[in-house]
Amino acid sequence: MSKDLSNSSFSPQKKITTHIFRMKKQRGEPISMLTAYDYPTAMAIDKAGIDCILVGDSLGMVVLGYENTLPVTMEDMLHHCRAVARGARNALLIGDMPFMSYQTSIEEAVRNAGRFLQEAGMDGVKLEGGRARLDCVRAIVETGIPVMGHLGLTPQSVHQFGGFKAQAREHEAALRLIDDAHLLEQAGCFSIVLEAVPARLATLISQRLDIPTIGIGAGPGCDGQVLVTHDLIGLFDRFTPRFVRKYASLYDEMRRAFETYKSDIETGAFPANEHCIDMPEEEWQSLLGELGELG
Ligand code: KIV
């Protein structure tokens, strides 16, 4: 009889694995996931007991200021993944494969997926697409790298979609999405993100799959939920998708702090005595004496 030497409970103090993802689904326990791109945010998310951190290529929009995710490179991703890996101990860490890092050839996809684990401390990778990516998913999984799929509104195809729009609202597209989800499961994905698709379709897919679905704008029937952290904490105000719940307004708070800082400098309120470094009086007098002698 094989003995499970991994975590026996889901305490946030334990390292989350893809195996725990699957068990959570079987037990009907919702999976929590957030994005992070830096060390302090990863630390806060990890300490909050969130199951999974995705270093998403949303990095391009919410941190690097691009219009979409397409300009994000492997080097950008690895740099931010390393910072996240230094801040998180327990959450399952997933690196998002950027545009053109897995579409050109299977060999390149496998090599790039491997870099996320070997050079950046990730536990697995996520990539976008359904039937067109099956060989790629299979090859990466065969290398021993866990793969999370991503269906529905896949932002790397934004130009094909004509914008960031809800997907699979017509029955033909819905059928195709259901098929894609099954195909990704068969190809070896351990989980699938469903983005911006009708809630009842996401529920149906979640019921049909053995692997957990993680929804973003896909309703409560998914096995887990993910949000872009900068949306959740109100740090990215260019636009907020309808499906986001904002739990804080950190952009406003940050801006207020900067304005107060500027005003304190201008009025002389900062720095105050408590921010100054003291010099012992006798040292000061000696300095003045020596300066006096020097003329
Ligand atoms: O890049 C990202 O943050 C994502 C999530 C929206 C799932 O892919």
Side-chain angles (χ1 to χ4, degrees), residues 21 31-38 41-42 45 50-74 76-81 83-84 88 91-103 112-113 116 120 122 124-130 133 137 146-158 161 163-167 177 180-181 184 189-197 202 205-206 211-219 222-233 235-236 238-246:
F21 253 53
I31 296 166
S32 53
M33 174 163 149
L34 278 174
T35 65
Y37 320 96
D38 60 48
T41 313
I45 292 174
I50 298 289
D51 295 314
C52 179
I53 297 179
L54 169 70
V55 186
D57 64 352
S58 49
L59 163 77
M61 298 175 74
V62 301
V63 174
L64 303 180
Y66 295 127
E67 283 296 310
N68 54 50
T69 60
L70 302 182
V72 177
T73 65
M74 271 301 292
D76 292 333
M77 290 306 303
L78 295 175
H79 178 73
H80 287 270
C81 284
V84 167
L92 180 73
L93 301 180
I94 302 298
D96 210 0
M97 298 195 71
F99 184 54
M100 298 310 281
S101 70
Y102 57 97
Q103 291 93 339
N112 282 326
F116 278 94
M122 295 291 104
V125 297
K126 175 172 87 56
L127 56 85
E128 298 181 6
R133 299 288 157 240
V137 169
V147 177
M148 180 179 270
H150 186 161
L151 295 173
L153 171 51
T154 44
Q156 291 173 17
S157 305
V158 60
F161 296 147
F164 294 102
K165 295 177 179 163
Q167 299 297 309
L177 191 81
D180 278 346
L184 284 180
C189 282
F190 75 93
S191 174
I192 300 176
V193 168
L194 297 176
E195 179 164 355
V197 298
I205 292 172
S206 306
I211 57 172
T213 59
I214 310 292
I216 173 164
C222 294
D223 302 301
Q225 297 292 327
V226 58
L227 282 178
V228 170
T229 292
H230 284 49
D231 291 336
L232 174 150
I233 60 176
L235 200 51
F236 179 70
R238 213 160 69 202
F239 68 87
T240 307
R242 199 171 80 82
F243 51 75
V244 169
R245 179 176 288 169
K246 230 166 126 176

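Each ligand, and each atom within it, is numbered from 1 in the order the structure gives. All values below were derived from every heavy atom in this structure, side-chain atoms included, with hydrogens, water molecules and symmetry-related copies excluded. On a predicted model such as this, the values are computed, not experimentally measured, just so you know.
Counting protein heavy atoms only, atom 7 (C) of ligand 1 is closest to Leu54 CD2, 3.7 Å. Nearest protein heavy-atom contact of atom 3 (O) of ligand 1 is Ser58 OG, 2.5 Å.
Heavy-atom proximity to His150, at under 4.0 Å, picks out these atoms of ligand 1: 8 (O). Near Asp96, the atoms of ligand 1 lying under 4.0 angstrom from a non-hydrogen atom of the residue are 1 (O), 2 (C), 8 (O). In summary, the atoms of ligand 1 found under 4.0 Å from a heavy atom of Thr35, numbered by their order in the structure, are 3 (O). With ligand atoms numbered from 1 in the order given, ligand 1 contributes 8 (O) to contacts under 4.0 Å with heavy atoms of Lys126. For ligand 1, the atoms closer than 4.0 angstrom to any heavy atom of Gly56 are 1 (O), 2 (C), 3 (O). In summary, the atoms of ligand 1 found under 4.0 Å from a heavy atom of Ile216, numbered by their order in the structure, are 6 (C).
How far OG of Ser191 is from CG of Leu184: 10.5 Å, rounded to the nearest 0.5 Å. In this structure, Met61 CE and Thr69 OG1 are separated by 7.5 Å, a value rounded to the nearest 0.5 Å. A distance of 6.0 Å separates CG of Leu194 from CG of Leu151, quoted to the nearest 0.5 Å.
In this view, Phe190 and Phe21 satisfy the ring-ring contact (aromatic ring centres under 6.0 Å, His included) rule, not counting sequence neighbours. In this structure, the salt bridge (charged side-chain N to carboxylate O under 4.0 Å, His left out) partners of Asp180, at least two apart in sequence or on a different chain, are Arg131.
Across every non-hydrogen atom of Phe243 and Ile216, the tightest pair is CE1-CG1, 3.3 Å.
Residue contacts with ligand 1: Glu128 is excluded, as none of its non-hydrogen atoms falls under 4.0 Å.
Distances between N or O atoms of Tyr37 and those of ligand 1 include no value under 3.5 Å.
No more than 12 heavy atoms of other residues, nucleotides or ligands sit less than 6.0 Å from atom CZ of Arg245.
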